[in-house]
Structures are given as structure tokens and as C-alpha cells.
Amino acid sequence: MDHAAEAYRTDLMTITRYVLNEQSKYPESRGDFTILLSNIVLGCKFVCTAVNKGEEQKKLDVLSNEVFVKALVSSGRTCILVSEEDEEATFVELSKRGRYAVVFDPLDGSSNIDCGVSIGTIFGIYLVNDNGEPTLDDVLQPGKNMLAAGYCMYGSSCTFVLSTGNGVNGFTLDPSLGEFILTHPDIKIPKKGKIYSVNEGNAKNWDEPTTKYVEKCKFPKDGSSSKSLRYIGSMVADVHRTLLYGGIFLYPADKKSPNGKLRVLYEVFPMSFLMEQAGGQAYTGKQRALDLVPEKIHERSPIFLGSYDDVEEIKTLYAAEEKKG
Ligand code: FBP
């Protein structure tokens with residue numbers, strides 16, 4: 001018997017154990033974050049089951065939003081919530097209030113549900129320092145101030161990817177245990193990738209740097225081989241592949257959508273936080289994505305994220321365009 005393999009197989013690093021280990025590094029910590037995260041994990045397990053039951057889209061969007069809002073409020077650890085599904089922010093009543101602000105998309109890519117394509121939940125967590133009444137300012141802050149971010153992908157397997165600002169780790173749900181087990185420790189995105197991911201259907205409305213970049217991916221003039229196009233149209237699935245295989249995911253601005261499509265607080269920021277923690281980059285066409293200061297809770301922004309060297313190429317094209325003035 002391979003005792004080492006057996007020992008590894010039986011040494012179950014669940015997500016709760018992982019977060020408790022992280023927490024033990026902060027003696028002053030009261031366990032609030034662990035409790036908050038366990039409620040997010042509970043919400044993901046619920047949605048995973050509902051998705052596998054093949055519930056129809058409309059119902060699942062609403063259902064998953066209700067589950068997350070109730071789980072987050074009942075955790076007693078949150079003060080303000082922003083959900084893609086709710087027009088207004090949710091301010092938690094005083095008796096149930098805690099010190100975390102959570103921004104989330106309960107079911108991203110939901111337009112893909114009915115054809116069984118992978119979809120996901122995306123979230124970001126801010127720590128709200130002042131004990132006064134929570135305000136929108138507690139969430140309208142740069143993504144670099146986030147304490148943690150992650151997503152849960154509902155696909156061939158259910159995968160929970162998390163960063164608490166100390167690298168990125170992936171956990172896979174073991175249905176027999178009902179537990180997320182560490183399967184992808186310390187994820188590092190390759191420095192350069194062979195894949196580009198974009199909805200080329202919008203190409204006629206792109207600006208010059210984006211057009212030039214995608215042209216370079218298809219017809220490189222430096223003798224390197226052309227990149228492969230992979231686009232699922234579900235951000236969690238496209239970003240998950242980019243994180244593991246490398247390359248670049250972009251949803252640029254275009255004449256029809258001058259701010260792109262993806263939302264800053266609960267799509268752009270969490271994915272940019274993870275990308276940077278994994279050694280990649282995230283850029284808006286003008287600045288580092290995590291330096292953005294949103295003015296509205298459902299604000300959109302163009303985004304280019306992925307392998308460091310690939311995003312660097314886009315930045316060079318936009319810098320040249322800016323020089324042209
Ligand atoms: P929703 O907010 O409507 O779910 O849209 C988000 C999303 O589906 C992302 O997951 C995906 O990256 C993008 O829209 C796909 O957009 P498009 O169909 O324009 O390429």
C-alpha cells in the first residue's frame with residue numbers, strides 16, 4: 001500500500017479547515033470571516049444542487065439570490081450587500097449587522113443555464129472599519145481594498161476558487177462528503193498563454209487597440225504561433241480556464257457598449273483580485289482594474305485579464321494609442 005498516497009487521500013483539507021488555518025495566522029481574529037465564508041459556501045452548495053436538478057433559468061436566478069441574501073444576513077457578519085439581481089443595495093438591520101460588505105453575482109452567465117453550459121457565483125468581500133451606519137461608500141471603493149474574493153463554478157464538477165489575499169486555492173465539491181476539498185493548491189497562472197477569449201461578434205465596434213490585439217492573436221508577425229480562440233460566454237467558465245491554462249479573457253468597450261458589459265463590483269473586481277493573486281494582471285484599457293473607484297453599484301467597465309505577458313501586450317497597444325493622442 002502506498003502509505004504516502006493513503007495519508008494524502010485521508011488528510012482532507014476542507015475549505016473550512018483551510019480558512020481556520022488562515023485565521024490562526026491572525027491571533028486577533030474572532031472567526032467572523034470563517035463564519036461569513038461558511039455561509040457563502042452553504043449558498044453555493046444549495047445552488048449547485050438546484051443547477052443539477054435542471055431548474056429553469058428565471059427561477060434559478062431568483063432562487064439563488066434569495067438563498068445568498070438570507071445566508072449572508074443570517075450569518076450576522078454583514079452590514080451591506082450588493083447583488084447583481086437587486087437594483088438597490090441591501091442594508092442589514094442593526095440586530096443582525098456585522099462588519100463585512102459583500103458584493104456578489106448569485107448566478108453569472110445564467111443565460112447559459114438552459115443549454116447546460118457551466119455557470120457560476122462570483123463574490124467579493126470588504127471589511128467595513130467604522131461602526132457607524134453602513135453607506136454605499138463602504139462598497140464604492142477600489143477593488144484593491146477587498147479582503148477576499150472568489151467564485152464557485154457549477155459545471156462537470158463544482159469548483160470553489162478563493163483568495164484571502166494570500167494566493168489562490170481551488171476546492172472541488174465531493175458530493176459523497178458534501179464538502180469542498182482542496183484540489184488546486186496555490187494556483188499560479190502561466191506567464192504567457194496560447195488562448196484568447198472574446199466575443200468576436202462585437203469586433204466591428206471595437207476600438208483600434210483591441211482590434212490590433214486580436215489581429216495579433218490570429219496573425220502573429222513575430223513568428224510565434226497564433227493563439228486559439230476559446231469563448232464560452234459565461235465569465236466564470238472563461239476565467240476559470242484562463243486561470244488554469246493561461247492566456248487572456250477580454251470584454252472590451254465598443255461603440256455600442258462604451259463601458260463594456262461586465263459589472264465592476266461583482267464581476268470585474270473579484271476576478272481581477274484572483275488574477276493578480278495568481279500572478280496575472282487585470283486592466284481596463286485605461287488603468288489597473290483594481291484601482292478603479294466605482295460611482296454606482298451596477299457600474300460596468302471594459303476588462304482585459306489573464307497572463308501577465310498577454311495583458312502587458314494590450315497595455316502597450318493602448319499606451320501607443322494614447323501617445324497618438
Ligand atoms: P449576465 O450578467 O446577464 O449573467 O451576463 C454576464 C455574462 O453572461 C458573462 O458571464 C459573460 O462573460 C458575458 O455576459 C457574455 O456576454 P456576451 O453574450 O455579450 O458575449
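Numbers for residues simply follow the sequence, beginning at 1. These figures come from a predicted structure and were not determined experimentally. Atoms within a ligand are numbered from 1 in the order they appear, just like the ligands themselves.
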_One thing to verify: whether Glu276 and Lys144 come together as a salt bridge, which I'm taking to mean a side-chain N less than 4.0 angstrom from a carboxylate O._
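Glu276 and Lys144: not salt-bridged.
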
_Any salt bridge linking Lys204 with Asp254? Criterion: basic side-chain nitrogen under 4.0 Å from a carboxylate oxygen._
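Result for this pair is no, no salt bridge flagged.
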
*asked:* I want to know whether Tyr266 and Phe123 have ring centres closer than 6.0 Å.
replied: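 Centroid separation for Tyr266 and Phe123: 6.0 Å or greater.
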
*asked:* Are Tyr318 and Phe304 an aromatic pair, judged by ring center distance below 6.0 Å?
replied: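 Yes; Tyr318 has its ring centre under 6.0 Å from that of Phe304.
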
*Compute the minimum heavy-atom distance from Arg263 to ligand 1 and say whether it is under 4.0 Å.*
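Outside the 4.0 Å threshold, so no.
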
How close does the nearest protein non-hydrogen atom get to [atom], and which residue and atom is it?
{"atom": "atom 10 (O) of ligand 1", "value": "Asp108 OD2, 2.5 Å"}
{"atom": "atom 15 (C) of ligand 1", "value": "Tyr231 OH, 3.4 Å"}
{"atom": "atom 19 (O) of ligand 1", "value": "Tyr251 OH, 2.6 Å"}
{"atom": "atom 2 (O) of ligand 1", "value": "Glu84 OE2, 3.2 Å"}

Using distance alone, determine whether [X] and ligand 1 share an N or O pair under 3.5 Å.
{"X": "Asn202", "result": "no"}
{"X": "Ser234", "result": "no"}
{"X": "Asn112", "result": "no"}
{"X": "Gly109", "result": "yes"}
{"X": "Met235", "result": "yes"}

*Would you say the side-chain atoms of Thr284 pair up with the backbone N or O of Gln287, donor to acceptor, closer than 3.5 Å?*
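Yes, because the side chain of Thr284 sits within donor-acceptor range (under 3.5 Å) of the backbone of Gln287.
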
*Can you check whether Asn166's main-chain N or O pairs, donor with acceptor, with Gln277's side chain at less than 3.5 Å?*
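Yes, Gln277 side chain to Asn166 backbone: donor-acceptor pair under 3.5 Å.
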
_Using side-chain heavy atoms (C-beta onward) and a distance below 4.5 Å, is Glu84 in contact with Leu107?_
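They are not in contact (no side-chain heavy atoms under 4.5 Å apart), so the answer is no.
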
*asked:* Judged on heavy-atom distance to atom 17 (P) of ligand 1, which of Asp238, Asp105, Asn199, Ile303 sits nearest?
replied: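 Selected option, by shortest heavy-atom distance: Asn199.
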
*So between Lys261, Glu267, Arg300, Glu85, whose heavy atom ends up nearest atom 18 (O) of ligand 1?*
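When every heavy atom of Lys261, Glu267, Arg300, Glu85 is considered, Lys261 comes closest to atom 18 (O) of ligand 1.
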
*Val102-Tyr126 co-clustered via ILVMFWY side chain contacts under 4.5 Å*: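 Per the 4.5 Å side-chain linkage, Val102 and Tyr126 are not co-clustered.
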
